[in-house]
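Here's the structure we're looking at; comments come further down.
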Amino acid sequence: MGRALFLALSLFVVLFVAANSSGFEERDLASEESLWDLYERWHSHHKVSSDLGEKHKRFNVFKENVKYIHYFNKKDAPYKLKLNRFADMTNHEFRSSYAGSKVSHHRMFRGSRRGTESFMYEKVTDVPPSVDWREKGAVTNVKDQGQCGGCWAFSAVVAVEGINQIKTKKLVSLSEQELVDCDKTDDNQGCNGGLMEYAFEYIKKNGGITTEENYPYRGEDGSCIASKENSHVVMIDGHENVPENDEDALIKAVANQPVAVAIDASGTDFQFYSEGVFTGECGTDLDHGVAIVGYGTTRDGTKYWIVKNSWGAEWGEKGYLRMACGISAKEGICGIAMEASYPLKSSPNPKNKGATSPYKDEL
């Protein structure tokens, strides 16, 4: 292949990808008919089932979302949006189903944060310019909470999986469903929301947590299965809170282990986030639990957090998003520095009581 032809084809690919980064092209917005065709293609890809009447109602929502995404992506923003499985949902529906953990609500009822009064990374003075715990083997595959508001369980599990791998060199996927079903001692409410620090306390008090394989995720509230709850595989010794509204402290913590955080994820831009460093408008009404698994800096000098979400791998950057670091108020973008915590682990993992253990040797 000649160099000129190669460059021409490369340019075509770049332009094609750019034109389709939203999942549609300009011509798809030309008429009601072309929008309906786009909707049919989206509908088929996402295997959404509905009768004709409901389908027409959903089309009207879809159409408005397509227009929003199209006009947003014409802006010179550092992040892009695209059609995804939430494309026929109003923002209110999306918030209710996927950003409904009500972290701020639970905090108001339960008062001050609980945990050790110390911050073990307080005296850390030298942190690397970038960290990615995925590259270090401390992060499992992206998971999907479905329409259960159990993001608090997913957030806590990411942090526990991370510290367990750091301490044992074994990456084990742990059970969010155990937390959803069994962590009711401090009024965590399963699919109706909860707090990550209470999940850490439950794991400590319970003597550990079992594997995802042993207690698989169902995406709905259920009765606690005691035999599985007692099949401990990974234990922790408690947790610490990162000092509130302090991104410098948060960087120190993330440099040493994945950290559970809460954010305000209710905005339309969050609903359709595709790629880039998120700098969108959002408040501090914390409604969604996620986990920071690293940080870095773009070529133009923008610092960002690497955030693992629980909306499946088709959302965002293969299930992740990058959120701007150090450009907003002291609480961080979307309140990311307000409710950060991480588990402590120094004790060996428990002798297994039934679940398949990934360990040949204890710590």
What do the steps show when you test N206 against N230 for side chain to side chain contact (heavy atoms under 4.5 Å, CB included), and what is the final call?
-> CA-CA 8 Å; N206 188 53; N230 293 323; 4.2 Å; yes
Partners meeting ring-ring contact (aromatic ring centres under 6.0 Å, His included) with [X] (sequence neighbours left out):
{"X": "F200", "value": "H239"}
{"X": "Y320", "value": "none"}
{"X": "Y215", "value": "none"}
{"X": "Y295", "value": "none"}

Taking everything shown except E314 itself, do over 12 heavy atoms lie less than 6.0 Å from its CD?
->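 No.
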Please indicate whether D300 has more than 12 foreign heavy atoms, meaning atoms of other residues, nucleotides or ligands, lying under 6.0 Å from its CG.
->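 More than 12 heavy atoms, drawn from other residues, nucleotides or ligands, come within 6.0 Å of this atom.
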Under a 4.5 Å cut-off applied to non-hydrogen side-chain atoms, are [X] and [Y] in contact?
{"X": "V254", "Y": "V242", "result": "no"}
{"X": "V158", "Y": "V259", "result": "no"}
{"X": "S97", "Y": "M89", "result": "yes"}
{"X": "L174", "Y": "V172", "result": "yes"}
{"X": "C325", "Y": "I251", "result": "yes"}
{"X": "P216", "Y": "Q177", "result": "no"}
{"X": "V261", "Y": "E339", "result": "no"}
{"X": "F119", "Y": "D246", "result": "no"}

Where [X] and [Y] come nearest, the two heavy atoms and their spacing:
{"X": "G219", "Y": "C148", "result": "O-CB, 3.4 Å"}
{"X": "G150", "Y": "Q145", "result": "N-NE2, 4.4 Å"}
{"X": "D237", "Y": "S346", "result": "OD2-N, 2.5 Å"}
{"X": "S227", "Y": "S231", "result": "O-OG, 2.8 Å"}
{"X": "C151", "Y": "G289", "result": "SG-N, 3.2 Å"}
{"X": "K82", "Y": "G316", "result": "NZ-O, 4.4 Å"}

Path from [X] to [Y] over hydrophobic side-chain contacts below 4.5 Å:
{"X": "L81", "Y": "V61", "result": "no"}
{"X": "V160", "Y": "V180", "result": "no"}
{"X": "W315", "Y": "Y217", "result": "no"}
{"X": "L35", "Y": "L83", "result": "yes"}
{"X": "I292", "Y": "V290", "result": "yes"}

Donor-acceptor pair, distance only, cut-off 3.5 Å: does the side chain of [X] make one with the backbone of [Y]?
{"X": "S44", "Y": "E40", "result": "no"}
{"X": "N84", "Y": "Q271", "result": "yes"}
{"X": "S118", "Y": "M120", "result": "no"}

Criterion side chain to side chain contact (heavy atoms under 4.5 Å, CB included) on M235 and K345, from CA distance to verdict = CA-CA 7 Å; M235 74 165 292; K345 181 172 177 62; 4.1 Å; yes
Check the side chains of [Y] and [X] for a donor-acceptor pair under 3.5 angstrom, ignoring hydrogens and angles.
{"X": "E197", "Y": "Y202", "value": "no"}
{"X": "T284", "Y": "D264", "value": "no"}
{"X": "K308", "Y": "T140", "value": "yes"}
{"X": "H232", "Y": "N349", "value": "no"}
{"X": "Q257", "Y": "W133", "value": "no"}
{"X": "N65", "Y": "N91", "value": "no"}
{"X": "S341", "Y": "E240", "value": "no"}

Per ring pair (Phe, Tyr, Trp, His ring centres under 6.0 Å), F62 is matched among Y39, W36, F86 by Y39
Parallel, tilted or perpendicular, as decided by the 30° and 60° cut-offs, for the rings of F278 and Y273 | perpendicular
Give me the ring orientation class for W311 and F94: parallel if the planes are under 30° apart, tilted from 30 to 60°, perpendicular past 60°.
-> perpendicular
Once rounded to the nearest 0.5 Å, what's the spacing between atom [atom1] of [X] and atom [atom2] of [Y]?
{"X": "H43", "Y": "L38", "atom1": "NE2", "atom2": "CG", "answer": "12.5 Å"}
{"X": "I236", "Y": "K167", "atom1": "CD1", "atom2": "NZ", "answer": "13.0 Å"}
{"X": "T210", "Y": "L179", "atom1": "OG1", "atom2": "CG", "answer": "11.0 Å"}

Do NZ/NE/NH1/NH2 and the carboxylate oxygens of E32 and K63 come within less than 4.0 Å?
->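 Yes, charged N to carboxylate O under 4.0 Å.
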Between R322 and E317, does a salt bridge (Lys or Arg N to Asp or Glu O under 4.0 Å) hold up when you go through it step by step?
-> CA-CA 8 Å; R322 286 177 290 161; E317 296 182 335; 2.8 Å; yes
So T297 and S130, side chain to side chain contact (heavy atoms under 4.5 Å, CB included) or not? Walk me through it.
-> CA-CA 7 Å; T297 307; S130 64; over 6 Å; no
Stepwise salt bridge (Lys or Arg N to Asp or Glu O under 4.0 Å) test for K318 and E275 = CA-CA 9 Å; K318 297 182 179 180; E275 60 183 347; over 6 Å; no
Which pairs, with at least one residue in residues 132-161 and sequence neighbours excluded, count as a salt bridge (charged side-chain N to carboxylate O under 4.0 Å, His left out)?
-> R85-D144, D132-R134, K143-E161, K143-E176, K143-E212
So D181 and R218, salt bridge (Lys or Arg N to Asp or Glu O under 4.0 Å) or not? Walk me through it.
-> CA-CA 10 Å; D181 289 352; R218 297 189 309 274; 3.0 Å; yes
Begin from the C-alpha positions of D183 and W152 and carry the test side chain to side chain contact (heavy atoms under 4.5 Å, CB included) through to its verdict.
-> CA-CA 11 Å; D183 180 14; W152 57 274; 3.5 Å; yes
Would you please test E122 and K252 for salt bridge (Lys or Arg N to Asp or Glu O under 4.0 Å) and show each step?
-> CA-CA 8 Å; E122 181 180 5; K252 292 178 181 181; over 6 Å; no
Does the separation of the ring centres of Y79 and Y304 fall below 6.0 angstrom?
-> no
Can you list the residues that meet the salt bridge (Lys or Arg N to Asp or Glu O under 4.0 Å) rule with E93, with sequence neighbours excluded?
->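 With sequence neighbours excluded, E93 shows a salt bridge (Lys or Arg N to Asp or Glu O under 4.0 Å) to R58, given in chain and number order.
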With F270 as reference, evaluate H288, M323, R95 under the side-chain contact (heavy atoms from CB on, under 4.5 Å) test and give the passing residue.
->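 When side-chain contact (heavy atoms from CB on, under 4.5 Å) is applied between F270 and each of H288, M323, R95, only M323 qualifies.
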